[in-house]
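Some notes on the structure that comes next.
The figures that follow rest on heavy atoms only: side chains count, while hydrogens, waters and symmetry mates do not.
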Amino acid sequence: AALPCRYVLCEVVSEDPRCRQCIEDRAVGLAVRDAIGRVHGDYGLACCSISFTVKYLNAYTGTVLLRCRKDSYRLLCSALPFVRQLESRSQRYPCFLHTLHVGGTIRTCQKFLIQYNRRQLLLLLQNCTNEDERQCIQKSLLSCSLTEEKSQSGDEEDDDGTA
């Protein structure tokens with residue numbers, strides 16, 4: 001039987017625009033493991049590493065989905081605020097991970113992300129200064145929708161415990 005997992009949805013926040021180019025699975029995974037090791041030591045790192053993986057990453061939006069075992073997700077979440085930089089090609093980019101949601105499935109995280117993005121767009125809409133900006137954002141809002149698709153392999157649950 002597969003061990004139950006938790007999915008932690010985060011966003012990479014950085015003032016350095018070059019940080020986006022170094023957001024890759026390996027860099028995020030290393031930064032998170034480093035933070036866990038610093039905060040919880042070898043024991044915490046071993047507990048979290050068993051099924052820890054970067055499941056999804058969107059460098060354009062800075063969205064990251066991490067997977068870990070259910071019994072160690074609190075260790076993972078408590079270490080995330082200590083991620084201070086991402087390293088890529090010997091360059092270090094200061095940033096932090098903002099935890100948005102913790103869910104039991106990838107699907108619940110997707111649903112949360114859609115609602116979160118809608119709320120962000122509505123905030124942008126309220127801060128518009130002219131009609132052109134307003135129409136552009138309204139068009140973006142209208143294009144947001146969650147469509148039900150038949151899963152061919154059951155990937156959205158993905159609780160098989162493989163890394």
field: Flag side-chain contact, heavy atom, 4.5 Å: Q120 against L123
entry: yes
- prompt: Is any side-chain heavy atom of V28 closer than 4.5 Å to a side-chain heavy atom of V83?
  reply: no
If you round to the nearest 0.5 Å, how far is [atom2] of [Y] from [atom1] of [X]?
X: H98; Y: L9; atom1: NE2; atom2: CG; result: 10.0 Å
X: K111; Y: H101; atom1: NZ; atom2: NE2; result: 10.5 Å
X: C109; Y: K55; atom1: SG; atom2: NZ; result: 12.0 Å
X: S49; Y: I36; atom1: OG; atom2: CD1; result: 6.5 Å
X: C95; Y: E15; atom1: SG; atom2: CD; result: 11.5 Å
X: L76; Y: C10; atom1: CG; atom2: SG; result: 7.5 Å

query: In this structure, are over 12 heavy atoms from other groups packed under 6.0 Å from N130 atom CG?
result: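 Yes.
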task: Treat each ILVMFWY residue as a node, draw an edge where side-chain heavy atoms are under 4.5 Å apart, and state whether F96 and L86 are in one component.
output: no
message: Hydrophobic clusters here meaning ILVMFWY residues chained together by side-chain heavy-atom distances under 4.5 Å, can you tell me if L97 and V39 are in one?
response: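 Each belongs to a different hydrophobic cluster.
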What's the shortest heavy-atom distance between [X] and [Y], and which atoms?
X: G37; Y: L45; answer: N-CD1, 4.3 Å
X: S14; Y: P94; answer: OG-O, 2.8 Å
X: G103; Y: T108; answer: CA-OG1, 3.7 Å
X: V102; Y: C77; answer: CG2-SG, 3.9 Å
X: L65; Y: Y7; answer: CD1-CB, 3.8 Å

- request: Verify side-chain contact (heavy atoms from CB on, under 4.5 Å) between Y93 and Q85, making sure each step is shown before the conclusion.
  value: CA-CA 5 Å; Y93 300 96; Q85 63 188 14; 6.0 Å; no
- request: Decide yes or no on side-chain contact (heavy atoms from CB on, under 4.5 Å) for L100 and T63, but give the supporting numbers first.
  value: CA-CA 10 Å; L100 300 175; T63 305; 5.7 Å; no
- prompt: Going through the checks in order, is the side-chain contact (heavy atoms from CB on, under 4.5 Å) test met by E11 and Y116?
  reply: CA-CA 11 Å; E11 133 183 90; Y116 175 78; 3.2 Å; yes
task: Without swapping roles, check the side chain of T53 against the backbone of R67 for a donor-acceptor pair under 3.5 Å.
output: no
query: Checking side chain to side chain contact (heavy atoms under 4.5 Å, CB included) against V32, which of V54, V64, L80 comes through?
result: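 Single side chain to side chain contact (heavy atoms under 4.5 Å, CB included) partner of V32 among V54, V64, L80: L80.
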- prompt: Hydrophobic cluster mates of L75, side-chain heavy atoms under 4.5 angstrom, ILVMFWY only, any path?
  reply: none
- request: Can you sort out the partners of R38 under salt bridge (Lys or Arg N to Asp or Glu O under 4.0 Å), two or more places apart, ordered by chain and number?
  value: D34
query: What do the steps show when you test E87 against L30 for side-chain contact (heavy atoms from CB on, under 4.5 Å), and what is the final call?
result: CA-CA 9 Å; E87 195 170 333; L30 286 172; over 6 Å; no
